[in-house]
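Single-structure report; data block below.
Any value given below was found using the heavy atoms of this structure, including those in side chains, with hydrogens, waters and symmetry copies removed. Order of the sequence lines sets the chain letters (A, B, ...), proteins ahead of strands, with each chain counted from 1.
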Amino acid sequence: MGIKGLTKLIADNAHGAVKEQKFENYFGRKIAIDASMSIYQFLIVVGRSGSELLTNDAGEVTSHLQGMFNRTIRVLEAGLKPVYVFDGQPPDLKKRELAKRFARREDAAEDLVTAKETGNEADVEKYSKKTVKVTKQHNEDCRKLLRLMGVPVVEAPSEAEAECASLCKAEKVFAVASEDMDSLTYGSTRFLRHLMEPTSRKLPVLEFDIAKVLEGLGLNMDQFVDLCILCGCDYCDTIRGIGPQTALKMIRQHGSLEIVLENLNKDRYQVPDPWPYQEARRLFKEPLVTPPEKVPEFKWTAPDTEGLRQLLVEENGFNNDRVMKAIEKLKVAKNKASQGRLESFFGVSSSSSNKRKEAPDSEASAGKQVKTAAAVKPAKAASKKGPAKGGKKK
DNA sequence: ATTCTGACTCAAGACGGG
DNA sequence: CCATCTTGAGTCAGAAT
DNA sequence: CCGGTCC
């Protein structure tokens with residue numbers, strides 16, 4: 001579940017590390033996205049009524065396809081270049097955490113049975129959400145769908161978040177989009193939250209700049225990783241009595257987990273018996289990922305019309321007209337996106353952007369990007385609600 | 001008065017028509 | 001050996017320091 | 001912008 005309390009800690013202590021951005025600002029950017037997390041959300045919410053989801057004639061769930069298809073079209077229409085990253089084998093250290101989640105799901109499954117028997121609609125709704133799991137089949141379906149849509153897919157050897165961060169560090173992508181704060185712990189240089197929310201919830205995209213996070217917290221990257229472990233992560237239990245506040249205080253004071261432990265009042269604080277912080281640290285700093293030089297260059301190709309029709313219409317009962325219209329959108333989006341990011345801003349082409357083989361959009365990303373961010377600022381101030389819309393959700 | 005815990009809750013997509 | 005995997009935010013209680 | 005529908 002990410003890093004406990006890290007959002008608040010950064011908000012309180014590292015002002016300026018987070019910028020509010022607009023979705024449209026990422027035109028032309030390559031963005032790494034954790035696929036499993038998206039699929040999970042689709043299974044929770046798309047087409048659900050009671051404990052039912054969208055299904056094909058064979059009774060197989062299709063909510064994930066519906067969700068992934070539409071969202072990806074949306075993303076491509078906005079000119080973003082998504083790279084979907086799928087999970088591989090979880091590290092051993094995560095097994096205990098996974099077992100916990102498994103148990104929680106089983107409990108929910110029991111409650112669900114009861115709720116169905118007693119006919120309690122609200123409870124059926126509640127518990128069925130908690131029993132959702134992303135299966136291998138869902139992942140396969142989505143990989144197939146994305147490939148047919150011409151969107152690159154990465155299969156991570158282990159944690160998708162770690163792979164995303166690695167791609168970002170190597171500048172294979174501009175940023176990582178996730179809701180999971182441990183993207184930062186893995187070292188994503190640029191990290192986006194709520195990238196998909198603005199359509200549904202009108203939240204601004206939050207862009208975290210890790211360099212500024214470190215600056216604000218007064219830590220180096222190694223210390224930041226230690227801070228995250230001390231706050232609580234998927235790999236280690238927390239030390240009772242130590243939360244985000246004291247964790248930050250202690251790391252600032254002592255500089256590393258080793259020294260913190262040396263100076264820790266063992267009567268006051270009890271360190272969990274196996275507390276594999278060194279192993280956890282290793283997983284954050286040197287996770288199992290594809291070596292960046294072995295990552296093939298990402299390509300966004302034209303959609304395979306017949307393949308999509310076969311998969312969605314023939315095999316899964318999607319409405320033919322809808323699918324065809326959607327494919328048209330894809331084609332249009334592809335043409336629009338094939339122009340560079342700079343052209344979309346200035347209306348002219350920049351010849352310099354073709355020099356490097358891999359850098360058409362990472363060169364603009366480096367330092368100058370700050371200027372465009374500054375240009376956006378007034379817009380943010382102006383967007384301060386108020387006018388015609390009213391804003392009340394009734 | 002501050003800080004952490006733990007148990008709890010809630011909501012989560014996207015499109016198109018009126 | 002098989003199949004596996006979500007997450008955050010907010011709040012409110014009570015306990016420890 | 002709200003409400004039903006998507007499969």
Side-chain angles (χ1 to χ4, degrees), chain A residues 1-8 11 34-49 52-75 77 86-91 94-95 97-102 104-105 122 125-126 129-139 156 158-161 178-182 193-194 196-203 231-232 234 238-249 265 267-269 312-313 315-323 325-326 329 388-394:
Chain A
M1 50 159 48
I3 309 300
K4 210 180 283 178
L6 186 58
T7 310
K8 195 166 159 48
D34 178 346
S36 304
M37 194 160 300
S38 305
I39 296 171
Y40 178 83
Q41 289 173 346
F42 296 141
L43 290 177
I44 292 291
V45 85
V46 176
R48 169 181 296 276
S49 69
E52 306 295 310
L53 294 172
L54 305 181
T55 60
N56 59 22
D57 291 342
E60 298 158 334
V61 170
T62 54
S63 288
H64 57 308
L65 290 172
Q66 177 81 353
M68 185 66 83
F69 189 51
N70 287 328
R71 169 173 291 183
T72 303
I73 288 169
R74 208 166 189 41
V75 165
E77 280 185 311
F86 287 78
D87 273 315
Q89 288 281 349
K94 201 171 180 179
K95 292 272 161 72
E97 171 67 21
L98 296 183
K100 266 191 227 164
R101 293 175 190 171
F102 183 76
R104 244 179 271 147
R105 244 198 346 264
E125 190 77 25
K126 181 164 83 182
K129 284 181 188 171
K130 296 190 180 182
T131 60
V132 165
K133 65 172 179 250
V134 179
T135 67
K136 201 169 195 172
Q137 187 63 49
H138 297 142
N139 279 289
S158 186
E159 302 265 58
E161 290 290 352
S178 171
E179 301 308 309
D180 195 338
M181 292 298 286
D182 50 21
R193 289 187 101 190
H194 308 151
M196 301 308 168
E197 307 311 87
T199 53
S200 49
R201 274 206 278 172
K202 303 187 172 168
L203 294 179
C231 285
D234 280 354
T238 54
I239 299 176
R240 167 162 292 218
I242 298 183
Q245 311 295 327
T246 27
L248 177 58
K249 214 172 295 173
N265 182 340
D267 298 328
R268 192 147 292 163
Y269 299 109
L312 296 176
V313 179
E315 293 171 26
N316 287 288
F318 278 53
N319 177 289
N320 186 72
D321 289 348
R322 260 189 252 271
V323 169
K325 267 184 206 154
K329 285 195 203 169
K389 291 308 165 107
K392 291 305 184 189
K393 48 159 51 177
K394 289 289 277 282

**Request:** Could you say whether A:Lys8 or A:Leu98 is positioned toward the 5' end of DNA chain C, judged by the nucleotide with the nearest heavy atom to each?
**Result:** A:Leu98
**Request:** Tell me, please, which residues at least two apart from A:Gln137 pass side-chain contact (heavy atoms from CB on, under 4.5 Å).
**Result:** A:Thr135, A:Glu140, A:Asp141
**Fill in**
Of A:Ala99 and A:Glu179, the one whose closest nucleotide on DNA chain C sits nearer the 5' end is A:Ala99
**Complete:** Hits for side-chain contact (heavy atoms from CB on, under 4.5 Å) against A:Ile73, two or more places apart or cross-chain, chain-then-number order -> A:Phe69, A:Glu77, A:Met149, A:Ala326, A:Lys329, A:Leu330
**Asked** Taking only residues two or more places apart in sequence, or in another chain, which ones meet A:Glu125 in a side chain to side chain donor-acceptor pair (under 3.5 Å)?
**Response** none
**Request:** For A:Leu65, report the nucleic acid contact type (base, sugar-phosphate, nothing); a contact means any heavy atom under 4.0 Å.
**Result:** nothing
**Message:** Among residues 36-43 of chain A, which ones have heavy-atom contacts with DNA chain C below 4.0 Å?
**Reply:** A:Met37, A:Tyr40
Nucleotide N/O of nucleotides 14-17 of chain C paired with protein N/O under 3.5 Å:
none

**Asked** Any side-chain N or O of A:Arg74 less than 4.0 Å from the OP1 or OP2 oxygen of B:dA14?
**Response** no
**Message:** Check this one for me: any side-chain N or O of A:Arg193 less than 4.0 Å away from OP1 or OP2 of C:dA9?
**Reply:** yes
Restricting to nitrogen or oxygen on both sides, can you table the protein-nucleotides 7-9 of chain B pairs closer than 3.5 Å?
none

**DNA chain C base-pair string [pairs: Watson-Crick or G-U under 3.5 Å; |: paired with another strand]** = ......||||||.||||
**Message:** List the residues meeting side-chain contact (heavy atoms from CB on, under 4.5 Å) with A:Val46, not counting sequence neighbours, and say none if there are none.
**Reply:** A:Phe42, A:Leu54, A:Ser63, A:Gln66
**Message:** So, does A:Thr135 get its side chain near the phosphate of C:dT4, meaning an N or O under 4.0 Å from OP1 or OP2?
**Reply:** no
**Request:** Would you write the dot-bracket representation of DNA chain D, where each base gets (, ), [, ], | or . depending on whether it forms a Watson-Crick or G-U pair under 3.5 Å and with which partner?
**Result:** |..|||.
**Item:** Pairing residues for A:Glu60 by the side-chain contact (heavy atoms from CB on, under 4.5 Å) criterion, not counting sequence neighbours
**Value:** A:Asn56, A:Ala58
Please tabulate, one pair per line, each protein N/O and nucleotide N/O from nucleotides 4-7 of chain D that are separated by under 3.5 Å, including the distance.
from	atom 1	to	atom 2	distance (Å)
D:dC6	O2	A:Gln66	NE2	3.0
D:dC7	OP1	A:Asn319	N	3.0
D:dC7	O3'	A:Thr62	OG1	3.2
D:dC7	O3'	A:Asn316	O	2.4
D:dC7	O2	A:Thr55	N	2.9
D:dC7	O2	A:Thr55	O	3.4

**Prompt:** What nucleic acid atoms does A:Thr246 come within less than 4.0 Å of, heavy atoms only: base, sugar-phosphate, or nothing?
**Reply:** sugar-phosphate
**Request:** Apply salt bridge (charged side-chain N to carboxylate O under 4.0 Å, His left out) to A:Lys8 and list each qualifying residue two or more places apart in sequence or on a separate chain.
**Result:** A:Asp12
